[in-house]
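In what follows, a structure is listed as structure tokens, so that the remarks can point back to it.
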Amino acid sequence: MDEDRIKRIARAMCRAARIDPDKPAGNKGPFTMSMQAPGHESPQPAWMLFRQEAARFAARNRDIAQTL
């Protein structure tokens, strides 16, 4: 799955959690940044909190993810 699609899904997940995807991630309740993702400067945007789960969603649901 391409990175732009994963980013769109992660941003949507972030908005669904009522977190502004463009604000710095920091520590948001149960969400924490455990490590810096390569290629992103600190502070990372909040949507990065959801990037790994978005990638999993895209891999498990390719037919749905391709329409997003």
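Residues take their numbers from the sequence shown, with the count starting at 1. Both backbone and side-chain heavy atoms feed into the values below; hydrogens, waters and symmetry mates do not.
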Closest approach of [X] to [Y] (non-hydrogen atoms, all atoms of both residues):
{"X": "Asp20", "Y": "Ala46", "answer": "O-CB, 3.4 Å"}
{"X": "Pro21", "Y": "Pro45", "answer": "O-CB, 3.4 Å"}
{"X": "Cys14", "Y": "Phe50", "answer": "CA-CE1, 3.5 Å"}
{"X": "Glu3", "Y": "Arg51", "answer": "OE1-NH2, 2.7 Å"}
{"X": "Ile6", "Y": "Ala54", "answer": "O-CB, 3.6 Å"}

Sequence-distant partners of Gln52, side chain to side chain contact (heavy atoms under 4.5 Å, CB included), two or more places apart: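 By the side chain to side chain contact (heavy atoms under 4.5 Å, CB included) rule, Gln52 matches Arg56.
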Would you indicate whether Arg60, at its atom CZ, is surrounded by more than 12 heavy atoms from other residues, nucleotides or ligands within a distance under 6.0 Å?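 Yes - once you tally the heavy atoms of other residues, nucleotides and ligands closer than 6.0 Å, there are more than 12.
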Rounded to the nearest 0.5 Å, what's the gap from CG on Asp22 to CZ on Arg11? Could you check?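 Result: 4.0 Å between the selected atoms.
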Taking atom NZ of Lys7 and atom CE of Met48, what is their separation to the nearest 0.5 Å?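 Reported to 0.5 Å precision, the distance equals 9.5 Å.
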